[in-house]
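Accompanying notes for the structure given below.
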Amino acid sequence: GPSSKPVKMSTRLKGTVSPSAGSDVARAGNRDRTTILLSLFRALDMRLMLSTGVVPELGLHARVVLLAPPELLPTLRASFGDRVIYEPLQYGSSKYASGVRTSAPVRRRLESLLTETFRLTYGRPNGRDNRTRALHASSYRQTAPDARVRLARELVLALAFAASRSRVLRKALQALAARVLRGHLHDEVFERWHPAVLVVCSVGLELDARLILEARGQSVPSIAVVQSWDKTSSKGYPLAAPDRVLVWSDVMARECAGFLDIPLKHVEVTGAPVFDLYFDPALHQPRTVFLESLGLDAARKAIFCALCSPAYHAGNLALASLLAGLVTEDCFPVPASLVLRVHPAYYENTESRIAEQRRELFDLLDKLGTQASIHVNLPDVTEQETSYIINPADSEFVTNILANCDVSVSVLSTQMVEAALFDKPAVTIEYGHWSSNVLDADLVGFRLEHLERILEPGAIARVRTPDDLVLAIGDVFHDSTK
């Protein structure tokens, strides 16, 4: 996909409003119109707001002030235009708050204790444990590098265990977090624009929690627009709960109440707006036209494989090589083509390790893409120095490959849901190893609360070895109703 060169920004995070905006007259005028303060710093949150047209629509009814990492502001300005006011997010680009934690050693340790404890804490609706908690707790214990860290982690695990069984303790820890995490980094923004509401895109996770607490200190209510199906069940307990939460489904609403102690009366079910474009007939191309535009024969069955994030890097290399070999050697019951799509997270530039993995994957895909009946898709993103933005045009490709493929292959991904929207058979990979900054585990026996919702009914073909993958795709080609 197209990309831009990294945008060089000053390290001083100053406002981008006009000089007159800080005057007393301008400040008084800023009270005359309802203002929505919107925070965006995760790539998928930005995709939600860019692809759905939510921000321009809001701009017709209110003033929208967008808080985002400074290096992303020029790209966002190019996307949203002058109808939005831009302010730099003082927390930096990372979704983790390591860059804004206090320098005081005791308080910094307390911040770390709270954030790690909450990541492993959930309510227990009807006495049932959250399945994600068990997997994360096991990984957290097993990956301790030495005895000192192991002892500290046992303290966190004990506290999270107790908090998961006591709503009183959860609320007490949340109150302590409010005292420890509350900052004043955006006081000038609140004073300048007097927002009526703060909008964030998680249910009070780390950086969003800090903004929620800042807003609460200014008597500004908060709304969480949940853009992903795992935010209410698999990301931990909110350090600071928003006043209102917008979710995809009734199931997620119940998870807010059961796992996160957010009353149902504060939760609204809105559907999944990020999928709206899939139903736009203007985006859909005829199968033959679309597949031939990729250099593929429309008469062959089309396998769409969405590779996983860099956390599954070794698995991605093996999966791409395996499928490419099977297609090239005509190992399926009928001739097939293969579309391999790179996960957008390979464009993260926060770690040198990811850049190295990207080079390794791209080198492999460059070779595979030269073979007949194989097409490699790079997501349409704009790269920045430490992050990336998924461009709205990317949705057009995803819409058409899902609509025109014969089988979807992914690694325990949201694509299982997306394939169902197009009534396409889906196969999910459950072998290999996952390694990220929050989880290190084998995919065999990988149980996360949100995944179990779609796996338990048996609607997805689950494969646990490479040989199973060959059989599962072959079964689909024999009977596409599976």
Side-chain angles (χ1 to χ4, degrees), residues 1-9 11 41-47 69-72 75 92-99 136 139-140 142-146 149 206-207 305-325 338-371 374-391 394 397 409-415 429-443 446 466:
S3 61
S4 64
K5 295 181 179 179
V7 178
K8 301 299 183 183
M9 299 290 294
T11 56
F41 56 91
R42 302 178 192 85
L44 293 181
D45 299 340
M46 288 182 274
R47 180 188 71 165
E71 68 271 19
L72 299 184
T75 303
S93 319
S94 174
K95 56 186 174 183
Y96 304 102
S98 57
H136 279 258
S139 171
Y140 186 68
Q142 293 173 9
T143 55
D146 54 49
V149 174
E206 192 165 314
L207 291 187
C305 176
L307 299 174
C308 199
S309 74
Y312 189 70
H313 178 66
N316 286 331
L317 299 176
L319 180 59
S321 298
L322 172 64
L323 286 173
L338 173 65
V339 176
L340 292 165
R341 175 172 163 85
V342 173
H343 195 288
Y346 271 96
Y347 290 91
E348 285 278 7
N349 293 309
T350 53
E351 302 176 33
S352 60
R353 177 176 62 92
I354 295 179
E356 293 167 4
Q357 290 173 331
R358 181 171 65 238
R359 284 192 293 271
E360 185 177 16
L361 178 63
F362 282 18
D363 285 347
L364 172 64
L365 295 178
D366 281 346
K367 296 174 184 175
L368 298 182
T370 62
Q371 300 179 32
I374 296 176
H375 175 83
V376 174
N377 171 252
L378 303 182
D380 189 337
V381 303
T382 298
E383 292 184 76
Q384 302 294 343
E385 192 167 3
T386 59
S387 188
Y388 64 96
I389 292 175
I390 302 173
N391 297 318
D394 189 65
F397 174 85
V409 178
S410 61
V411 185
L412 293 172
S413 161
T414 311
Q415 188 166 305
I429 307 298
E430 294 187 50
Y431 62 82
H433 192 78
W434 179 278
S435 181
S436 71
N437 59 336
V438 295
L439 183 62
D440 191 272
D442 289 330
L443 292 195
F446 197 82

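Along the sequence shown, residues are numbered consecutively beginning with 1.
No donor-acceptor pair under 3.5 Å is formed between the side chain of Asn377 and the backbone N or O of Leu340. Listed for the Ser410 side chain is no donor-acceptor partner under 3.5 Å among the backbone atoms of Leu412. Checking side-chain atoms of Ser321 against main-chain N and O of Ala318 turns up no donor-acceptor pair under 3.5 Å.
For the pairing with Leu323, the side-chain contact (heavy atoms from CB on, under 4.5 Å) check across Leu368, Val339, Leu338, Ile374 returns one residue only, Leu338. Of the options His343, Arg353, Gln357, Glu360, a side chain to side chain donor-acceptor pair (under 3.5 Å) to His313 is made by Glu360 and by none of the others.
Using a 4.5 Å cut-off on side-chain heavy atoms (C-beta onward), Thr382 and Tyr388 make no contact. Contact of the Pro379 side chain with the Phe397 side chain is not registered, since no non-hydrogen atoms from C-beta on lie closer than 4.5 Å. Counting heavy atoms from C-beta on, the side chains of Phe362 and Leu378 come closer than 4.5 Å. At a threshold of 4.5 Å between non-hydrogen side-chain atoms, the residues Leu361 and Leu307 count as touching. Counting heavy atoms from C-beta on, the side chains of Val411 and Phe446 never come closer than 4.5 Å.
Here the straight-line distance linking atom CG of Leu72 with atom CD1 of Ile389 works out to 4.5 Å at 0.5 Å rounding. How far CD of Gln415 is from SG of Cys308: 10.5 Å, rounded to the nearest 0.5 Å. In this structure, Ile354 CD1 and Arg359 CZ are separated by 12.0 Å, a value rounded to the nearest 0.5 Å.
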Arg341 and Asp394: CA distance, side-chain angles, deciding distance, salt bridge (Lys or Arg N to Asp or Glu O under 4.0 Å) verdict: CA-CA 11 Å; Arg341 175 172 163 85; Asp394 189 65; 2.6 Å; yes
Evaluation steps, side chain to side chain contact (heavy atoms under 4.5 Å, CB included), between Leu439 and His136:
CA-CA 6 Å; Leu439 183 62; His136 279 258; 4.2 Å; yes
Open item on the list: Please determine whether side chain to side chain contact (heavy atoms under 4.5 Å, CB included) holds for the pair Ile390 and Met46, giving the CA-CA distance in whole Å, both sets of side-chain angles, and the decisive distance to 0.1 Å.
Closed with: CA-CA 7 Å; Ile390 302 173; Met46 288 182 274; over 6 Å; no
Practice task
Could you go through the side chain to side chain contact (heavy atoms under 4.5 Å, CB included) check for Leu443 and Tyr312 one step at a time?
Solution key: CA-CA 10 Å; Leu443 292 195; Tyr312 189 70; 3.5 Å; yes
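The two atoms that bring Ser309 and Trp434 nearest to each other are OG-CH2, 3.5 Å, heavy atoms only.
Donor-acceptor pairing under 3.5 Å is lacking for the side chains of Ser139 and Asp440. Between Asn316 and Tyr346, the side chains place a donor N or O and an acceptor N or O closer than 3.5 Å (distance only, hydrogens not considered).
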